[in-house]
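Notes to accompany the following structure.
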Amino acid sequence: MGPVELSVVVTVVESGAVLERCLDALAQQVDAPVLEVLVPWDPTVPDVPARVAGRAGVRAVALPDAGPATHEGERHALYDRRRAAGLAQASGAVVALLEDRSVPRPDWARSVMRAHGRADAGAVGGAVEPAVQGMLGWAVYFCDYGRYQLPFAAGPRAWVSDVNVSYARPALEATRSHWEDRYHETVVHWALREQGRPLVLDPTVVVGHGRGSLGFAAGLSERFHWGRVFGYTRARTGSLTARALHTLAAPVLPLVLWARLLGQRLQRNGRSLGPFLAATPAILLFLTAWCLGEATGTATGRSA
């Protein structure tokens with residue numbers, strides 16, 4: 001076996017059988033490059049070492065105990081630290097990030113390497129296909145990943161998702177200061193674009209993605225806290241005027257974002273339009289929670 005060509009960092013969110021499903025899919029890659037799989041873990045997910053044990057090319061990466069995560073903001077920070085720990089341990093020429101809830105297609109690893117060969121990109125993002133059930137599952141999918149649903153054309157984008165993204169080694173090293181403690185895709189991707197390293201979306205790099213059971217109250221809390229992290233991140237680099245404008249726009253943003261999501265469905269020839277319309281009440285409430293969190297993070301300059 002030669003040098004590692006592709007490192008895959010699997011961020012544990014649910015663990016259990018969900019993690020095993022992701023690792024099984026990675027083990028079944030067809031015509032895959034030489035790859036390593038890294039699974040960062042901490043005492044809040046104590047089953048990870050046992051679920052990783054005995055899998056060829058898969059390694060559990062232990063993090064120190066940071067204590068329990070009591071709300072969604074702390075859980076988000078925990079995921080960010082796991083991603084950073086995995087990136088720091090990765091040795092591949094290309095380094096990819098997945099969540100344990102991501103199920104890569106059999107040609108995923110091969111497609112990642114081909115995409116980097118075709119594009120002079122700092123980061124290559126891929127498609128995120130729905131593997132969801134129920135109105136709440138669809139609502140979360142559209143809010144988080146609707147823009148990454150197939151079909152779409154390959155090319156530069158302003159955004160790619162951290163549940164299916166890969167980085168060329170030079171780009172990863174050039175942004176190390178932005179992720180070595182906590183990885184947040186917005187910060188890393190903004191830095192890449194400022195360096196002239198484009199983000200590219202490629203429709204051949206495909207994962208399925210679905211959440212486990214999610215309660216409505218938990219979904220609202222998650223949207224608020226994750227929106228607050230985004231608002232805080234933007235506040236660190238934006239002017240006071242920009243922060244004020246973003247905060248004042250919060251009341252109308254949910255409708256603007258919903259209209260954008262609808263436009264994405266129409267651009268995809270109406271794919272999943274029925275589930276989108278059926279989930280619209282939940283989508284609007286989730287978007288409202290996100291925008292309130294974003295406005296809070298933007299106005300206060302604090303993530304929690």
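In what follows, every heavy atom counts, from backbone to side chain, and hydrogens, waters and symmetry copies are set aside. Positions are given from 1 along the sequence.
Residues W258 and M135 fall into different hydrophobic clusters, defined by Ile, Leu, Val, Met, Phe, Trp and Tyr side chains chained together at heavy-atom separations under 4.5 Å. Two different hydrophobic clusters hold V18 and V132 under the rule that ILVMFWY side chains link at heavy-atom gaps under 4.5 Å. By the criterion of side-chain heavy atoms lying less than 4.5 angstrom apart, applied directly or through intervening Ile, Leu, Val, Met, Phe, Trp or Tyr residues, V206 is not grouped with V200; the two fall into different hydrophobic clusters. Criterion: ILVMFWY side-chain heavy atoms under 4.5 Å apart, direct or through other members. Under it, V165 and V124 are not part of a common hydrophobic cluster. Under the 4.5 Å side-chain heavy-atom criterion for grouping Ile, Leu, Val, Met, Phe, Trp and Tyr, W108 is connected to F152 within one hydrophobic cluster.
Here the options are L26, L38, V48, the test is side chain to side chain contact (heavy atoms under 4.5 Å, CB included), and the partner is V10; only L26 passes.
Side-chain contact between D80 and W179: absent, with no pair of heavy atoms (C-beta onward) separated by less than 4.5 Å. Residues L6 and V34 fail the side-chain proximity criterion, which asks for heavy atoms closer than 4.5 Å. Contact of the H184 side chain with the H178 side chain is not registered, since no non-hydrogen atoms from C-beta on lie closer than 4.5 Å. Residues P104 and Q29 meet the side-chain proximity criterion, which asks for heavy atoms closer than 4.5 Å. Between P198 and R193 there is no side-chain heavy-atom pair separated by less than 4.5 Å. Side-chain contact between L19 and E14 is absent, with no heavy atoms from C-beta onward closer than 4.5 Å. Side-chain contact between V52 and R59: absent, with no pair of heavy atoms (C-beta onward) separated by less than 4.5 Å. When side chains are defined from C-beta on, I283 counts as touching L261, because their heavy atoms get closer than 4.5 Å.
Using a cut-off of 4.0 Å between Lys/Arg side-chain N and Asp/Glu carboxylate O, R55 and D24 are scored as salt-bridged. By the 4.0 Å N-to-carboxylate-O rule, E129 lies close enough to R271 to be salt-bridged with it.
Within a 6.0 Å sphere centred on CZ of R260, other residues, nucleotides and ligands contribute 12 heavy atoms or fewer. No more than 12 heavy atoms of other residues, nucleotides or ligands shown are found within 6.0 angstrom of CZ on R302.
Within the model, atoms CG of L253 and OG1 of T288 stand 10.0 Å from one another, a figure rounded to the nearest 0.5 Å. Within the model, atoms OG1 of T175 and CZ of R197 stand 8.0 Å from one another, a figure rounded to the nearest 0.5 Å. The structure places CD of E20 at 8.5 Å from CG of D47, a figure rounded to the nearest 0.5 Å. Between the CG atom of L97 and the CG atom of N164 there is a distance of 10.0 Å, given to the nearest 0.5 Å.
Side-chain contact annotation: E194 with W190, donor-acceptor N/O pair under 3.5 Å absent. Side chain to side chain, E99 and H209 meet the donor-acceptor criterion of an N or O pair below 3.5 Å. In this structure, a donor-acceptor pair under 3.5 Å is present between the side chains of T44 and R82. A donor atom on one side chain and an acceptor atom on the other are found under 3.5 Å apart for E36 and S7.
Note: F142 and F276 have perpendicular aromatic rings, judged against thresholds of 30 and 60 degrees for the angle between ring planes. Note: H76 and W226 have perpendicular aromatic rings, judged against thresholds of 30 and 60 degrees for the angle between ring planes.
At least one donor-acceptor pair closer than 3.5 Å links the side chain of R268 to the backbone N or O of R147.
Ring to ring, H189 and Y167 are close: their centroids are under 6.0 angstrom apart.
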